[in-house]
> 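Got a structure here, written out as structure tokens. Questions coming.
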Amino acid sequence: MVEKERISLCNDKEVKNGEYVLYWMQASQRACFNPALEYACLTANALNKPLIVLFCIMPGYLAASFRHYKFMVEGLQENSDSIRKRGAAFIIKAGEPCEIITELSKNASMIIFDFAYLDFMKAVRKKAAAQSVCRVVQVESNVVVPVAAASSKEEYSAATLRPKINAVVSKYLDYEEEKTEIKNKISDPQIESLTEQQAKEYIQNFKRNNRYFDESSFTGGYSQACQKLEVFIKDKLHNYAGMRNDPTCEVQSDLSPYLHFGQISPVYIAKQIIKTLSESAEEYLEELIVRRELAHNFVMYNEDYARYDSVPVWAKKTLAEHLSDPREYYYSPQQLENAQTHDEYWNSAQNELLLRGKMHNYMRMYWGKKIIEWSETPQKAFEIMVYLNDRYEMDGRDPSGYAGICWCFGKHDRPWSSRRIFGNVRYMNDKGLERKFKIQKYVQRIENLKKGR
Ligand SMILES: Cc1cc2nc3c(=O)[nH]c(=O)nc-3n(C[C@H](O)[C@H](O)[C@H](O)COP(=O)(O)OP(=O)(O)OC[C@H]3O[C@@H](n4cnc5c(N)ncnc54)[C@H](O)[C@@H]3O)c2cc1C
């Protein structure tokens, strides 16, 4: 059963006696533990219609690079195989989803969307639902606790959201996948579609960034995500609580790219982690559920999430008061992008982003704080951080990215004692990295990564 809090209406059109039920798979690119797909299967069976699952490749999606498209299409074959096994059709189209959905709605009984949090994709869903001639319903499938079920307002911090999540989370962790089979099976829907191979060829024509950064070290797909989870549980979880902040230890799960593309479910991950009874499980669930869903709360209730305007008033005030503090270094966006600063730790972090497609969490904080220190204004720092994060992080263009960037400016944090440039916003420096970690080990690892390219 899909929990009712996940389901909402997108238009006021009638359910039609059409030829099929359509599920547009966009945010939840997986066939397992996907409440939107489950709801689509149940709807198709209730209406005694076949189910068509549509996947659209949108050229020019936000700041997505070739590496993101590549990761995305790597997951397609597995999804289409699983969906076809359940008796539904899987079609792939290239182009503007609104137009494609509007056209397909003419023969549909009902349409199901998965849920979007970012403006751009919310707008696409709104327009597609308005133009469709049948009922459209959306299902929130990429969080453990649906955002509105946890809180009806923008939360101040993890401390204010945590008790609200904890009060209801067990209900959502009880979810068991049913893998409903489609009764009215369909093998060929007679709708033009790219094959998975053609989808791979299609994205080869997309603009590349440059010769180094075409690819990341991640391969997309559900099995890849499950493999990462398995390795994490077996080899890393026991050290997670004590070592997750240390950039010289590789104890993070590396699941964020898969979560970002919806290639694995946070509910599934949480259930697997809970089963381990590991002492680190609580710390991991704090990140996966409380921190991640705080980020979703932020983008859902703060329309300025990708702009400096979303920074808290106290932080904007203190940063403005320190605007004329002398800065020892200024770097242009190009110097930052090319990792050309005086700070070898920062350069290593930026190179990790460029080469690997994923920067260590602790270095992301340091990276952001230094960009504030080396930019003419906090506004410019915010812009360059969004640009680099969205363009190169495999998990970029995500609620956690905008919340993480805003955190560097004081969001979800508290005022600290006053410092040059930062005022009361928390400050970080290289001495801290040297004191806490064998940071040269990190520098060396990234150097080796560079040599390997
Ligand atoms: C400046 C900055 C930018 C960031 N940009 C992104 C981004 O674009 N996309 C992104 O997913 N995360 C971002 N984060 C948050 C965090 O760094 C990553 O989620 C984490 O490093 C992902 O690696 P992992 O999956 O190995 O994490 P793990 O430590 O294994 O954590 C498991 C999961 O918990 C969630 N999580 C962990 N830490 C955080 C956090 N601080 N905030 C929210 N969720 C968290 C993620 O979904 C992660 O996959 C950013 C943080 C900062 C400070």
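Order of appearance sets the numbers: ligands from 1, and atoms from 1 within every ligand. Counting from 1, the numbers follow the sequence of the chain as shown.
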> Quick one: look up the protein heavy atom nearest atom 6 (C) of ligand 1 and list residue, atom name and how far away it is.
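For atom 6 (C) of ligand 1, the nearest protein heavy atom is R364 NH1, 3.0 Å.
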> Between E230 and K234, does any NZ, NE, NH1 or NH2 come within less than 4.0 Å of an OD or OE carboxylate oxygen?
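Looking at K234 and E230, the cut-off is not met.
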> Which atoms of ligand 1 sit under 4.0 Å from any heavy atom of L288?
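Those atoms are 34 (O).
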> Looking at every non-hydrogen atom in both residues, tell me the closest pair between K179 and E38 and how far apart they are.
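The answer is N-OE1, 3.3 Å.
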> Using a strict 4.0 Å threshold on nitrogen-to-oxygen distance, state whether K358 and D254 make a salt bridge.
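Looking at K358 and D254, the cut-off is met.
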> Heavy-atom contacts under 4.0 Å between L294 and ligand 1: side chain, backbone, both, or neither?
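Near ligand 1, L294 shows nothing, with every heavy atom at 4.0 Å or more.
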> State plainly whether the residues E286 and R162 are in salt-bridge range, i.e. N to O under 4.0 Å.
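Salt bridge present between E286 and R162.
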> Quick test of your reading of the structure: of M394, E393, R291, whose heavy atom lies closest to atom 42 (N) of ligand 1?
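Checking each option, the heavy atom nearest atom 42 (N) of ligand 1 is found in R291.
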> Give me the nearest non-hydrogen protein atom to atom 12 (N) of ligand 1 as residue plus atom name, then the distance to 0.1 Å.
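For atom 12 (N) of ligand 1, the nearest protein heavy atom is S400 CB, 3.3 Å.
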> Under the 6.0 Å and 45° cation-pi test, does R414 pair with W416?
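Pair R414/W416 counts as cation-pi.
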> Short list, please: which atoms of ligand 1 are under 4.0 Å from a heavy atom of L259?
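Heavy-atom distances to L259 below 4.0 Å select 47 (O), 49 (O).
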> Distance under 4.0 Å to a non-hydrogen atom of G396: what atoms of ligand 1 satisfy this?
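In order of numbering, the contacting atoms are 8 (O).
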> Could you tell me whether ligand 1 has any atom less than 4.0 Å away from a heavy atom of F232?
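Heavy atoms of F232 never come under 4.0 Å of ligand 1.
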> Could you tell me whether some N/O pair between M365 and ligand 1 is separated by less than 3.5 angstrom?
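Min N/O separation from ligand 1 is not below 3.5 Å for M365.
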> Kindly assign one of parallel, tilted or perpendicular to the pair H342 and Y329, based on the angle between their ring planes and the thresholds 30° and 60°.
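Parallel.
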> Quick test of your reading of the structure: of S253, A158, G404, G401, whose heavy atom lies closest to atom 30 (O) of ligand 1?
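Among S253, A158, G404, G401, the closest heavy atom to atom 30 (O) of ligand 1 comes from S253.
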> List the closest protein heavy-atom neighbour of atom 26 (O) of ligand 1: residue, atom name, distance to the nearest 0.1 Å.
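Answer, as residue, atom name and distance: D254 N, 2.7 Å.
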> Under a 4.0 Å N-O cut-off, is there an ion pair linking E5 with K171?
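Answer for the salt bridge query: yes.
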> Against ligand 1, does Y240 come closer than 4.0 Å with any heavy atom?
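Contact present.
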> In terms of residue, atom name and distance, what is the protein heavy atom nearest to atom 27 (O) of ligand 1?
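It is Q252 NE2, 3.1 Å.
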> Could you pull out, from S256, P399, A295, the option with a heavy atom nearest to atom 22 (C) of ligand 1?
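Heavy atom nearest to atom 22 (C) of ligand 1 belongs to S256.
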> Would you please indicate yes or no on a ring centroid separation below 6.0 angstrom for Y258 and Y222?
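That pair fails the under 6.0 Å test.
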> Starting from atom 36 (N) of ligand 1, what is the nearest protein heavy atom, named by residue and atom, and what distance separates them?
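Of the protein heavy atoms, E287 O, 3.6 Å lies nearest.
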> Please find the pair of heavy atoms, one from L229 and one from I273, that lie closest to each other, and give the distance.
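Taking L229 first and I273 second, the nearest heavy atoms are CD1-CD1, 4.3 Å.
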> Can you see whether S253 engages Y284 through a side-chain donor-acceptor pair at a distance of less than 3.5 angstrom?
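Yes.
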> Both conditions, 6.0 Å and 45 degrees, for the charged tip of R125 above the ring of W24: are they met here?
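Yes.
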> Tell me which protein heavy atom sits closest to atom 47 (O) of ligand 1, plus the residue, atom name and distance to 0.1 Å.
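The protein heavy atom lying closest is R292 CD, 3.2 Å.
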> Using 4.0 Å as the upper bound for N to carboxylate O, is an ion pair formed by R244 and E287?
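Answer for the salt bridge query: yes.
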> Any atom of ligand 1 sitting under 4.0 Å from a heavy atom of H260?
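In this structure, H260 fails to qualify as a contact of ligand 1 - no heavy atom is under 4.0 Å.
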> Among all protein non-hydrogen atoms, which one is nearest to atom 9 (N) of ligand 1, and what is the separation to 0.1 Å?
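The closest one turns out to be D395 O, 2.9 Å.
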> Closer than 4.0 angstrom: is that true for some heavy atom of K358 and an atom of ligand 1?
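It does; at least one heavy atom falls under 4.0 Å.
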> Could you identify the single nearest non-hydrogen protein atom to atom 17 (O) of ligand 1 and state the distance to 0.1 Å?
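In this structure, atom 17 (O) of ligand 1 has N361 OD1, 2.6 Å as its nearest protein heavy atom.
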